[in-house]
Amino acid sequence: ILNVEQSPQSLHVQEGDSTNFTCSFPSSNFYALHWYRWETAKSPEALFVMTLNGDEKKKGRISATLNTKEGYSYLYIKGSQPEDSATYLCASDSGYALNFGKGTSLLVTP
Amino acid sequence: ETGVTQTPRHLVMGMTNKKSLKCEQHLGHNAMYWYKQSAKKPLELMFVYSLEERVENNSVPSRFSPECPNSSHLFLHLHTLQPEDSALYLCASSQDFAALAESTDTQYFGPGTRLTVL
């Protein structure tokens, strides 16, 4: 994998559903994996930075895992709420620059 | 609020105009960045400044000219742009450049300037 890939591109779930998305990144020259949450017309907001294989981070109902050997990270949202609607970006950090994926656009409807 | 502000939030300009985008960070960071996001593309890094010196220029056309007068301010001067330059331009800052891997530091983004070139 040369670029950072995110899937799915978009997701529509009902309030209360749990959901997850995937970020795939080059496993060579890896230093850290960043997740951001980006609401329309606002600044991207940093969620997690993970560096070690097997890392798991949690913030409220949102959690993330990291597998550096195979080059992927999962973001989980438990019990989605309408306010979780946003684009979720991941970025691979080479120690020199952040290389972003295109994001997963999440819509949570009541 | 992330501590990074950008002005203006929206800008419409003709191809012969000269305009500037401004970014200010109130976080005491040493590194600042310009990113471009075109429709259906990922964020693309344009310029990086560390301690007010440019350290990265990702083959950006010379019609985009950055300026970093001090560690809190970053400008992007625009001159004779093309319609395909219409995009969202985001500014970001981090504590240090090329030190992200040594800590849990991350980049803090402004809300962006939506630029339309007619």
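Lettering follows sequence order; numbering is per chain, from 1.
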**Asked** Considering all heavy atoms of both residues, which atom of Pro42(B) and which atom of Gly101(A) are nearest to each other, and what is their separation?
**Response** CB-O, 3.5 Å

**Item:** Other residues, nucleotides, ligands: >12 heavy atoms within 6.0 Å of Gln9(A) CD
**Value:** no

**Message:** Is there a path of hydrophobic side-chain contacts, each under 4.5 Å between heavy atoms, that joins Val60(B) and Leu11(B)?
**Reply:** yes

**Item:** Any Pro44(A) side-chain heavy atom under 4.5 Å of Leu90(B) side chain
**Value:** yes

**In one Ile/Leu/Val/Met/Phe/Trp/Tyr side-chain cluster, 4.5 Å: Tyr72(A), Leu33(A)** = no

**Message:** Which atoms of Glu44(B) are under 4.5 Å from chain A, going by heavy atoms: the side chain, the backbone, both sets, or neither?
**Reply:** neither

**Asked** Strictly by modelled atom types, are Thr106(B) and Tyr36(A) linked by a side-chain donor-acceptor pair under 3.5 Å?
**Response** yes

**Fill in**
Turns out that what part of Val48(B) lies under 4.5 Å from chain A's heavy atoms comes down to neither

**Message:** Could you tell me if the side chain of Gln37(B) sits less than 4.5 Å from the side chain of Trp38(A), heavy atoms only?
**Reply:** yes

**Message:** Same cluster or not: Leu66(A) versus Leu75(A), using hydrophobic residues (I, L, V, M, F, W, Y) connected whenever any side-chain heavy atoms lie under 4.5 Å apart?
**Reply:** yes

**Prompt:** With hydrophobic residues grouped by side-chain heavy-atom distances under 4.5 Å, do Tyr33(B) and Leu76(B) end up in a single group?
**Reply:** no

**Prompt:** Counting heavy atoms not belonging to Glu83(A), are there more than 12 under 6.0 Å from its CD?
**Reply:** yes

**Item:** Step-by-step side-chain contact (heavy atoms from CB on, under 4.5 Å) determination, Tyr35(B) to Leu98(A)
**Value:** CA-CA 11 Å; Tyr35(B) 286 89; Leu98(A) 294 185; 3.9 Å; yes

**Request:** Tell me, for Leu43(B) versus chain A, whether the close heavy atoms (under 4.5 Å) come from the side chain, the backbone, both or neither.
**Result:** both

**Complete:** In short, Lys41(B) meets Lys102(A) closest at the heavy-atom pair C-CG, 4.3 Å

**Message:** Are Tyr74(A) and Phe100(A) linked, directly or through intermediate hydrophobic residues, by side-chain heavy-atom contacts shorter than 4.5 Å (ILVMFWY only)?
**Reply:** no

**Message:** Nearest 0.5 Å, please: how far is OH in Tyr108(B) from CD in Glu45(A)?
**Reply:** 10.5 Å

**Taking every non-hydrogen atom, the tightest pair across Pro111(B) and Ser43(A)** = N-OG, 3.1 Å

**Request:** Can you tell which part of Arg114(B) gets under 4.5 Å to a heavy atom of chain A, answering side chain, backbone, both or neither?
**Result:** neither

